[in-house]
Novice: 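Just dropping this structure here.
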Number of protein chains: 2
Amino acid sequence: MSNREHDKIVNLSKLKAACEDCGMYGLCLPIGIHEKDMARLEKIIKRKQPLKKGEHLFNQGDAFHSLYAIKSGSVKIYSIADDGSEQITGFLLPGELAGMDAINTGQHNSYAKALETTSFCEMPFAQLEELAGQLPSLQHQLLRLMSKEIVKEGEMLMQLGKKTAEERLASMLLSFSTRFKERGFSPTEFNLSMSRNDIGNYLGLVVETVSRLFTRFQEQGLIYVKGKYIRLIDMQALGKLAGLNTADNNSNPKTA
Amino acid sequence: MSNREHDKIVNLSKLKAACEDCGMYGLCLPIGIHEKDMARLEKIIKRKQPLKKGEHLFNQGDAFHSLYAIKSGSVKIYSIADDGSEQITGFLLPGELAGMDAINTGQHNSYAKALETTSFCEMPFAQLEELAGQLPSLQHQLLRLMSKEIVKEGEMLMQLGKKTAEERLASMLLSFSTRFKERGFSPTEFNLSMSRNDIGNYLGLVVETVSRLFTRFQEQGLIYVKGKYIRLIDMQALGKLAGLNTADNNSNPKTA
DNA sequence: CGACTTTTTGATCCGATTCAATACGCGTGG
DNA sequence: CCACGCGTATTGAATCGGATCAAAAAGTCG
């Protein structure tokens, strides 16, 4: 796509396709990296065999070696507490990074499971870190992505802390809508690759509640649902549901 | 305390006390930084006037310039949603860092308010980043702390997603206990600097529920409470409450 | 097709919220 | 120093949203 002159090595292998050829180029780690530096980044990125549905990218307890970038498909991130209970902490779409929570301890403390056939890149962290020391833009991008992750989780805390079941599901639908749009997919029509149970787990609700909400939203003409297929019909109403419902819960504006 | 020879500048000012003299040295950013590099790190760290109770370290919407390390006191991190509702996402104790969520957008999307008289250091991020490019150990430590933040929030998600009111409060008490201990304070006896309302907001509960729980825990002989003063009496029982109560909620172990 | 899993729908129950009122803590000023 | 006032905390009673229990319906896959 763009002109790279001084590289004989980069394209020597079919397996090692360039980031620039990846549909998620504009969303992934390479953002803001100078073209001349990209070759160095690409050299440490490993193309991997796609995962089949149900396979794991990594397991809780695994030693941490690499970050992973999702290229296509989707991944569910979850952990299992001592008592055996599962908590889903996120769903990854193409262009998003997995494994950052493991940097701290050097051990993955979550599972990453493919919800469908999923292709990804592996980026050995030691090499990434070394390179980041040499490329300020890469270092910055790495910090930025981690910061983004922190913000994302903070927003999720807001969800779980204050919102009703209805608000949570509406928010989630809109969040997926936005993310699909960023990735060039339709913002109003998509398949949710995870089960109703997963949705409930993620949102802090039981599966029956999620099911009832989908039904209700459909009855109210907000969405059309057919299994995993979702069409958002009344985005505005969904936004209103997601955002400004209980405009009080512990809000306590004066303490601000 | 330790021997530094080659520095005339570092100690020239009383204000600019060394990190090594800070009680939180072992918990803060400097972990793992070589002694010879510390001088460079210290040079960019600004000592600031302590905040009085109620004053803000930064406000939501502020341009992001610096990370802040808490030296003493405590801080509440919260954001205000469009609808005016407040959500507390965390409380910071000495040795902990604030502002990492702003790296992504270059804008703080939370407030940081002192819950009591609080002293802190300011670390201009641009300089920190530049230095991190030169000191691998600093870069690593920075990434590690951000990773830790992600993990911490992930654990909080687990709390809010699945746990009962009782479990949440027990967890919070134990979390503070651990953190106080790490900082050299008593793990069984401390003052919670935040209001009951703040605790409730943080845990996704209303203030009445929090109050009732404190009363109940005390009746059950788990703790002694007197206003902000807390003494943990039966840590084991608290741990049991916090951890292994509802060992089922959406656990669905087979999907693991 | 037939077994199994996932989803939906219905009826009931319970934990936490809400509403309401009292008690406590604390700073201010007389 | 105590009285007053106001914010914070506690306690009580009623209500409700979402969980739980139960069962049928719809997908999924070998």
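Protein chains get the first letters and strands the later ones, always in sequence-line order, with residue 1 at the start of each. Treat the numbers as computed from the prediction; the structure is a model and nothing was measured.
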Novice: Might you list the N or O atoms of the protein lying below 3.5 Å from N or O atoms in nucleotides 11-14 of chain D, with each pair's distance?
Specialist:
{"residue": "D:dT11", "atom": "OP2", "partner": "B:Thr215", "partner atom": "OG1", "Å": "2.6"}
{"residue": "D:dG12", "atom": "N7", "partner": "B:Arg212", "partner atom": "NH1", "Å": "2.9"}
{"residue": "D:dG12", "atom": "O6", "partner": "B:Arg212", "partner atom": "NH2", "Å": "3.3"}

Novice: Quick one: does NZ or CZ of B:Arg179 land under 6.0 Å from the six-membered ring centre of B:Phe176, within 45 degrees of the ring axis?
Specialist: yes

Novice: State, to 0.1 Å, how close A:Glu86 and A:Asn201 come at their nearest heavy-atom pair, and which atoms those are.
Specialist: O-ND2, 2.9 Å

Novice: Round to a whole Å and report the spacing from CG of A:Leu192 to C1' of C:dT7.
Specialist: 14 Å

Novice: Quick one: side-chain hydrogen bond (donor to acceptor under 3.5 Å, both in side chains) partners of B:Glu149, sequence neighbours excluded?
Specialist: none

Novice: Over how many whole Å does the gap from A:Glu219 atom CD to C:dT8 atom P extend?
Specialist: 12 Å

Novice: When the distance from CG of B:Leu169 to P of C:dG15 is rounded to whole Å, what number comes out?
Specialist: 17 Å

Novice: Determine, stepwise, if the pair B:Glu122 / B:Arg47 fulfils salt bridge (charged side-chain N to carboxylate O under 4.0 Å, His left out).
Specialist: CA-CA 6 Å; B:Glu122 177 179 348; B:Arg47 260 295 194 76; over 6 Å; no

Novice: If you check the B:Ser195 side chain, which of D:dG18, C:dT17, D:dT8 turns out closest?
Specialist: D:dT8

Novice: Round to the nearest Å and state the distance from A:Leu203 atom CG to D:dG17 atom P.
Specialist: 18 Å

Novice: Whether B:Glu96 and B:Arg183 form a salt bridge (side-chain N of Lys/Arg under 4.0 Å from carboxylate O of Asp/Glu) is what I want to check.
Specialist: yes

Novice: From CG of A:Leu213 over to C1' of C:dT8, roughly how many Å is that when rounded to an integer?
Specialist: 13 Å

Novice: Rounding to a whole Å, what distance do you find between B:Asn197:CG and D:dC6:C1'?
Specialist: 16 Å

Novice: Regarding B:Gln87 and B:Ser79, is there a side-chain donor-to-acceptor distance under 3.5 Å anywhere?
Specialist: no

Novice: Is the shortest distance from a Lys or Arg side-chain nitrogen in A:Glu166 or A:Arg216 to a carboxylate oxygen in the other one below 4.0 Å?
Specialist: yes

Novice: Please report the distance, rounded to the nearest Å, between CG in A:Asn201 and P in D:dA19.
Specialist: 12 Å

Novice: Any chance you could list the contact pattern along nucleotides 23-28 of chain C? Use B for base contacts, S for sugar-phosphate-only contacts and - for none, protein heavy atoms under 4.0 Å, 5' to 3'.
Specialist: --S---

Novice: Search all heavy atoms of A:Ala242 against all heavy atoms of A:Lys163 and return the closest pair with its distance.
Specialist: O-NZ, 2.9 Å

Novice: Measure CD1/B:Ile199 against P/D:dT8 and give the value in whole Å, please.
Specialist: 13 Å

Novice: Mapping A:Gly204 and A:Lys228 to their closest nucleotides on DNA chain D, which lands nearer the 5' end?
Specialist: A:Gly204

Novice: Have a look at A:Phe58 and tell me which of A:Tyr68, A:Tyr111, A:Tyr78 forms a ring pair (Phe, Tyr, Trp, His ring centres under 6.0 Å) with it.
Specialist: A:Tyr68

